[in-house]
Amino acid sequence: MEIIKLLEDGFAWTGERIAAVRIEQLEVATSCARWDLRALLNHTLGVMDQFAAAASGLGDPSRINAQALAETEWIGADPTAAFEGIAARALAVWHTPGVLERTCAMPWGPTPAPVVAQISVHDAVVHGWDISRATGEAVDIPLELAEPLLEISKGFVHDGVRGTAFAEEVRIDGGSVSDQLVAFLGRTP
């Protein structure tokens with residue numbers, strides 16, 4: 001799937017998950033053990049914003065820190081409106097002619113923009129799944145998103161990042177592609 005279409009579809013799917021969030025749920029636990037729902041939402045929106053800033057050439061790699069993004073107030077009083085604004089700005093950057101030919105300054109070093117786009121949509125959709133579980137909506141990631149994201153995951157999630165950025169893989173027998181994706185990333189489907 002073309003990366004821009006994956007970004008559009010992934011952000012739209014995650015936006016639906018965020019639209020289901022009620023303000024009184026912001027303090028509930030999530031499958032991301034360090035974060036309640038508010039912190040998870042802040043992290044998700046922060047990654048979308050900062051990865052798009054990196055692609056635009058205006059980003060500051062020192063701002064891209066998972067915990068710092070979770071502790072920054074991105075969602076304000078209306079998570080849905082905050083998400084919609086950030087998603088629109090991010091997609092505008094990703095639609096900029098030539099942006100996918102750029103190399104982005106990232107905390108781990110120079111990274112091709114298509115890889116940054118893949119990580120951005122990966123983060124948004126997988127955390128969309130986390131949000132869905134935290135709110136009780138509990139929907140699976142659609143096949144058209146889960147399949148390419150599972151392949152993307154296998155390209156950058158390895159033993160060196162497990163235990164820090166990602167948990168150990170949860171072994172499952174069978175399951176949907178959504179289940180396989182989240183289990184690969186250390187979540188119990």
Side-chain angles (χ1 to χ4, degrees), residues 3-4 6-15 17-18 26 30-76 79 81-96 98-131 134 145 148-149 151-167 181-182 184-187:
I3 189 58
I4 299 299
L6 189 61
L7 281 161
E8 292 169 344
D9 293 351
F11 287 0
W13 185 81
T14 298
R17 311 293 64 83
I18 293 172
L26 292 178
T30 70
S31 48
C32 298
R34 299 179 297 179
W35 300 330
D36 63 12
L37 187 54
R38 175 183 296 280
L40 178 62
L41 288 164
N42 282 323
H43 165 83
T44 303
L45 273 62
V47 167
M48 290 170 56
D49 181 79
Q50 292 301 298
F51 278 40
S56 76
L58 301 174
D60 175 357
S62 70
R63 291 197 49 162
I64 301 174
N65 171 288
Q67 188 61 37
L69 293 173
E71 294 170 357
T72 301
E73 187 61 32
W74 295 91
I75 65 168
F83 174 84
E84 289 171 352
I86 288 173
R89 288 192 306 275
L91 288 172
V93 168
W94 291 114
H95 277 95
T96 303
V99 76
L100 291 175
E101 284 77 46
R102 293 182 177 163
T103 297
C104 303
M106 301 300 286
W108 53 84
T111 306
V115 173
V116 173
Q118 289 176 342
I119 297 169
S120 182
V121 69
H122 182 277
D123 186 84
V125 171
V126 171
H127 287 317
W129 183 90
D130 295 326
I131 292 162
L145 294 172
L149 293 176
E151 290 309 309
I152 289 168
S153 293
K154 291 178 179 179
F156 73 87
V157 178
H158 51 80
D159 289 342
V161 297
R162 292 204 186 266
T164 56
F166 296 94
L181 170 61
V182 299
F184 180 73
L185 298 172
R187 292 155 170 86

K.L.:
State, yes or no, whether a side-chain contact exists between W94 and L100 at a heavy-atom distance under 4.5 Å.
P.N.:
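Yes, side chains in contact.
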
K.L.:
Can you tell me how far the CZ atom of R187 sits from the OG1 atom of T30, to the nearest 0.5 Å?
P.N.:
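One gets 8.5 Å once the value is rounded to the nearest 0.5 Å.
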
K.L.:
Just checking, any donor-acceptor pair under 3.5 angstrom between side chains of T14 and H127?
P.N.:
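Judged by distance alone, the side chains do not pair up.
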
K.L.:
Are I152 and L6 side-chain neighbours, meaning at least one heavy-atom pair lies under 4.5 Å?
P.N.:
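Heavy-atom side-chain distance check passes, below 4.5 Å.
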
K.L.:
Which pair of non-hydrogen atoms, one from P110 and one from T103, has the smallest distance, and what is that distance?
P.N.:
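Nearest heavy atoms, P110 then T103: CB-CG2, 3.6 Å.
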
K.L.:
Between A55 and C104, what is the shortest heavy-atom contact and its length?
P.N.:
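Scanning both residues, the minimum pair turns out to be CA-SG, 3.6 Å.
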
K.L.:
For the side chain of T96 and the backbone of V93, is there at least one donor-acceptor N/O pair under 3.5 Å apart?
P.N.:
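Pair found, side chain donor or acceptor close to backbone of V93.
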
K.L.:
Rounded to the nearest 0.5 Å, how far does CD1 of I86 lie from CG of L91?
P.N.:
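So the CG of L91 and the CD1 of I86 are separated by 12.0 Å.
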
K.L.:
For the residue pair Q118 and F156, establish whether any side-chain heavy-atom pair is separated by less than 4.5 Å.
P.N.:
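Heavy-atom side-chain distance check fails, nothing below 4.5 Å.
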
K.L.:
Hey, could you give me the CD/NE2 distance between Q50 and H43, rounded to the nearest 0.5 Å?
P.N.:
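Interatomic distance, Q50 CD to H43 NE2, rounded to 0.5 Å: 12.0 Å.
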
K.L.:
For P61 and P107, which heavy atoms make the closest approach, and how far apart are they?
P.N.:
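Nearest heavy atoms, P61 then P107: O-CG, 3.3 Å.
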
K.L.:
Kindly indicate whether the side chain of W74, heavy atoms from C-beta on, has any atom under 4.5 Å from the side chain of L41.
P.N.:
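A side-chain contact is absent here, since even the closest heavy-atom pair is not under 4.5 Å.
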
K.L.:
State whether the number of non-hydrogen atoms from other residues, nucleotides or ligands found under 6.0 Å of R102 atom CZ is greater than 12.
P.N.:
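Counting neighbours around CZ of R102, more than 12 heavy atoms of other residues, nucleotides or ligands fall under 6.0 Å, so yes.
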
K.L.:
Going by heavy atoms in the side chains, are T44 and D130 under 4.5 Å from each other?
P.N.:
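Answer no - side chains too far apart.
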
K.L.:
Please assess I131 against L37 for the test side chain to side chain contact (heavy atoms under 4.5 Å, CB included), listing each intermediate value before the final yes or no.
P.N.:
CA-CA 7 Å; I131 292 162; L37 187 54; 4.0 Å; yes

K.L.:
Side chain to side chain donor-acceptor pair (under 3.5 Å) for T72 and N42? Distances and angles first, verdict last.
P.N.:
CA-CA 6 Å; T72 301; N42 282 323; over 6 Å; no

K.L.:
Of all heavy-atom pairs between L69 and G46, which one has the smallest distance, and what is that distance?
P.N.:
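Residues L69 and G46, closest heavy atoms: CD1-C, 3.9 Å.
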
K.L.:
To the nearest 0.5 Å, tell me how far L185 CG sits from W129 CH2.
P.N.:
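Reported value, rounded in 0.5 Å steps: 9.5 Å.
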
K.L.:
Give the minimum heavy-atom separation between G10 and L145, together with the two atoms involved.
P.N.:
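It is N-CD2, 3.7 Å.
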
K.L.:
Find out whether I75 and I18 are in side-chain contact, i.e. whether some heavy atom of one side chain is under 4.5 Å from a heavy atom of the other.
P.N.:
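Of all side-chain heavy-atom pairs linking I18 with I75, none is under 4.5 Å.
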
K.L.:
Under a 3.5 Å distance rule, please check whether S120 uses its side chain to pair with a backbone N or O of A117 as donor and acceptor.
P.N.:
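Not confirmed, S120 side chain does not pair with A117 backbone.
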
K.L.:
Please report the interatomic distance CG(L149) to CZ(F184), rounded to the nearest 0.5 Å.
P.N.:
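The CZ atom of F184 is 12.5 Å from CG of L149, to the nearest 0.5 Å.
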
K.L.:
For a quick test of reading the model, state the closest non-hydrogen atom pair linking A66 to W35 and the distance between them.
P.N.:
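So the two residues come closest at O-CZ2, 3.7 Å.
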
K.L.:
Taking atom CZ of R89 and atom CE of M48, what is their separation to the nearest 0.5 Å?
P.N.:
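These two atoms lie 9.5 Å from each other.
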
